Amino acid sequence: MIERLQQSLQAQSEALALRAWRQQVIASNIANADTPGYRAVDFDFAAALERALRAQGQARLPRLVETPAAQPAADGNTVDLDTERAKFADNALRYEVALRALNGQIRTLLDAIRG
Amino acid sequence: MSLAKTFEIAAGAAQAQSLRLNAVASNLANAESAAAPGEAPYRARRVLFEALPARDGTAGVRVARVLEDASPPRRHYDPKHPLADAEGYVTLSNVSVVDEMVDMISAARAYQNNLEVMNSARNLMLKTLQLGS
């Protein structure tokens, strides 16, 4: 019974963890916007979530890949601040989406328990 | 926890940018500093950033070094100046005011960007704390 409850919450909680991780990755790109030679990184969220769900919570953090540079700077930095800020805002919103969905599931369960 | 790390990264970056802003302030303040003949004039300070890689693949940023700009000092003909040399030239610092203003705007914008990152991370953390209530 408890396992079934956990399973029902797993998808959203994995998504939440990955969103938080991506938030950190994008924050590190924004932090290094002026660092010579720094290369912007990101990961494929959909693939990472799929892998995390298949691994049943045992998946490791997804591998980071370099973001292709639209306009690399002369010092070798490939961070595009506009893109990174847009990604950051988008990711924050999607984090909230996952949070609300998880919250809804928890409330439903609580309602069922209270009767 | 990733969101707490986000905080750390953004805070480190804001600190680095504020150091850069300090260097700009020092350069602008000394833009017109003159040196007596034979003495070294003020040289513009340049802050060099360096990525601070964490084991998980993300990276913060820190100030690796503060360098002195190697470009030659400005020489200005002003024989009435008390620090003028025998030929009537005064040696001034090598600060380019235009470059410094550009650097200042860039540093200020980067600082703001990192503050905004911190703000969003804070909001998300607060919302996560209310989970289930």
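Chain naming here is simple, since letters A, B, ... match the order of the sequence lines and numbering starts at 1 in each. Here the structure is a predicted model, which is why all the values come from computation and not from measurement.
In the hydrophobic clustering of this structure, L18(A) groups with V41(A); members are Ile, Leu, Val, Met, Phe, Trp, Tyr whose side-chain heavy atoms approach within less than 4.5 Å, directly or through other members.
No part of A10(B) comes within reach of chain A, as not one of its non-hydrogen atoms sits under 4.5 angstrom from that chain. Both the backbone and the side chain of D56(B) come within contact range of chain A, each with at least one heavy atom under 4.5 Å from a heavy atom of that chain. With a 4.5 Å cut-off on non-hydrogen atoms, E8(B) does not touch chain A at all. In this structure, chain B has no heavy atom under 4.5 Å from any part of L109(A). At a 4.5 Å heavy-atom cutoff, I26(A) makes no contact with chain B through either its backbone or its side chain. Residue contact with chain B, scored on non-hydrogen atoms closer than 4.5 Å, involves the backbone and the side chain of L99(A) alike. Using a 4.5 Å cut-off between heavy atoms, A92(A) touches chain B through backbone and side chain atoms alike.
The backbone N or O of Q24(A) lies less than 3.5 Å from no partner atom in the side chain of T58(B), so there is not a single donor-acceptor pair.
Among the candidates A110(B), G60(B), P53(B), G57(B), the residue making the largest number of heavy-atom pairs closer than 4.5 Å to chain A is G60(B). Among I106(A), N103(A), L64(A), N29(A), the residue with the largest count of heavy-atom pairs under 4.5 Å with chain B is N103(A). Of the residues considered (N123(B), N114(B), L48(B)), N114(B) shows the highest number of contacts with chain A, using heavy-atom pairs under 4.5 Å. Listed options A107(B), A51(B), A13(B) were ranked by heavy-atom pairs under 4.5 angstrom with chain A; first place goes to A51(B). With respect to chain A, the highest number of heavy-atom pairs below 4.5 Å among E50(B), E116(B), R109(B) belongs to E116(B). Your options are R107(A), R85(A), R63(A), and the one with the most heavy-atom pairs under 4.5 Å with chain B is R85(A).
Remark: the N27(B) side chain and the Y42(B) side chain contain an N/O donor-acceptor pair separated by less than 3.5 Å. For the residue pair T67(A) and D42(A), no side-chain donor N or O sits within less than 3.5 Å of a side-chain acceptor on the partner. Between S106(B) and Y111(B), the side chains place no donor N or O within less than 3.5 Å of an acceptor N or O (distance only, hydrogens not considered).
Of the charged side-chain nitrogens involved, at least one lies within less than 4.0 Å of a carboxylate oxygen, so that D69(B) and R46(B) count as a salt-bridged pair.
At least one side-chain heavy atom of F49(B) sits less than 4.5 Å from a side-chain heavy atom of R20(B).
R19(A) forms a cation-pi arrangement with F45(A), by the criterion of a distance under 6.0 Å to the ring centre and an angle within 45° of the ring axis. Geometric assessment of R75(B) against the ring of Y89(B) yields a positive cation-pi assignment under the 6.0 Å and 45° thresholds.
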